Amino acid sequence: MKLQCGDKTLDLTSPVVMGILNTTPDSFSDGGNLYRDTRLDLDSALRHADSMVNAGAAIIDVGGESTRPGAEPVSLAEELDRVIPVVEQLHARFDVVVSVDTSRAEVIAESAKAGAHFINDVRALQKEQALQAAAQSGLPVCLMHMQGEPDTMQQAPNYSKVVEEVIAFLKQRIAVCEAAGISRQQIVLDPGYGFGKTLEHNLLLVKHLDQLQTLGCPLLIGVSRKSMIGKITGAEVADRLVGSLALTLECVQRGAHIVRVHDVRETVELLKVHCAVEQAE
Ligand code: 7PJ
């Protein structure tokens, strides 16, 4: 399976790593360290990107809006200010697919102009004009499932059949995208671990991830250092590497093509082991 990302082609025959580059000062797991006073330090951001590319990341996901539960909203100007210079520099300096984690039409359009190759939207292009901006960009998109909005989504997640409901939502968003001119070959799907879901919901969505494959699009998953791992192992954010790797492997074994992670080197090693086993004859 191949995904055309602007002028780059992403080979998804075996799973690839998307490294997380947060440009928010309040990210729960790694934000802050790219900041000097209250300004994003571009050099630190690029050094972090460089280390992820060297460790084997195929994609760098640049995010300027924190979507963790209870996060402060960020203005459009602030989001553009954080994201666009980083996208420009990544495009200019690295041979890597540049993804932008955003829900805003203006950020999608400006990122595409600045050289982004991929749009990652936790709101599945439901914000005003986001669908049109994504279609206009011609770039592939990741449609993620979320119940509610980040500030309140973890208050009372509620489903009667979580797997079926997530699949139905993604199916409907694929149809909407296709009607807007985004072809199915440009769509990646994500169950949205931790976004309006209890631990049980998340675990069912891991256990039955293979059912999402029936939609015919590559699957992206993000479990890295999330609270679901803390709930299982008892580990604090800084000590969730083993849990993250274990859960990532569970997802890859059920068909995940793109894994969004903080710990690139370790995840690349995990995928090498997984692929070696898969390719044994
Ligand atoms: C995800 C994401 C995810 C996709 C975040 C965090 C929260 N995008 N952006 N999937 N999570 N596609 O990294 O913990 O799971 S932000």
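Just so you know, these numbers use all the heavy atoms, side chains as well, and skip hydrogens, waters and symmetry mates. Just so it is clear, the model here is predicted, and its values are computed rather than measured. In each ligand, atom 1 is the first atom listed, and ligand 1 is the first ligand listed.
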Next item on the list: Kindly indicate whether the side chain of I187, heavy atoms from C-beta on, has any atom under 4.5 Å from the side chain of L189.
Entry: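 Counting from C-beta outward, I187 and L189 do come under 4.5 Å.
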Check: Are any of the side-chain heavy atoms of R240 and K226 separated by less than 4.5 Å?
Finding: no
Are any of the N/O atoms in [X] less than 3.5 Å from those in ligand 1?
{"X": "K226", "value": "yes"}
{"X": "D101", "value": "yes"}
{"X": "Y193", "value": "no"}

Region of [X] that comes within reach of ligand 1 [heavy atoms, distance under 4.0 Å]:
{"X": "R260", "result": "side chain"}
{"X": "V223", "result": "neither"}
{"X": "D61", "result": "neither"}
{"X": "L220", "result": "side chain"}

Checklist line | salt_bridge(D50, R93) N-O dist < 4.0 Å | finding: no
Next item on the list: Answer yes when R260 and D190 have at least one side-chain N-carboxylate O distance shorter than 4.0 Å, and no when they do not.
Entry: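 Salt bridge: no.
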Margin query: Once rounded to the nearest 0.5 Å, what's the spacing between atom CE of M144 and atom OH of Y193?
Written below: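 Spacing of CE (M144) from OH (Y193) equals 11.5 Å.
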Notebook entry, point to check: If you measure from OG on S160 to CD on E165, what distance do you get to the nearest 0.5 Å?
Noted result: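 Taking OG in S160 and CD in E165, the distance rounds to 4.0 Å.
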List every atom of ligand 1 that sits less than 4.0 Å from any heavy atom of [X], numbering the atoms from 1 in the order shown and giving each element.
{"X": "T67", "answer": "16 (S)"}
{"X": "M144", "answer": "3 (C), 4 (C), 10 (N)"}
{"X": "G222", "answer": "15 (O)"}
{"X": "V122", "answer": "2 (C), 8 (N), 9 (N)"}
{"X": "N120", "answer": "4 (C), 8 (N), 12 (N)"}

Notebook entry, point to check: Parallel under 30°, tilted from 30 to 60°, perpendicular over 60°: which one fits the rings of Y159 and H145?
Noted result: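 Y159 and H145: tilted rings.
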Notebook entry, point to check: Which residue pairs pass the salt bridge (charged side-chain N to carboxylate O under 4.0 Å, His left out) test with at least one member in residues 122-151, sequence neighbours excluded?
Noted result: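 Every pair satisfying salt bridge (charged side-chain N to carboxylate O under 4.0 Å, His left out) with a residue in residues 122-151: E65-R123, R123-E149.
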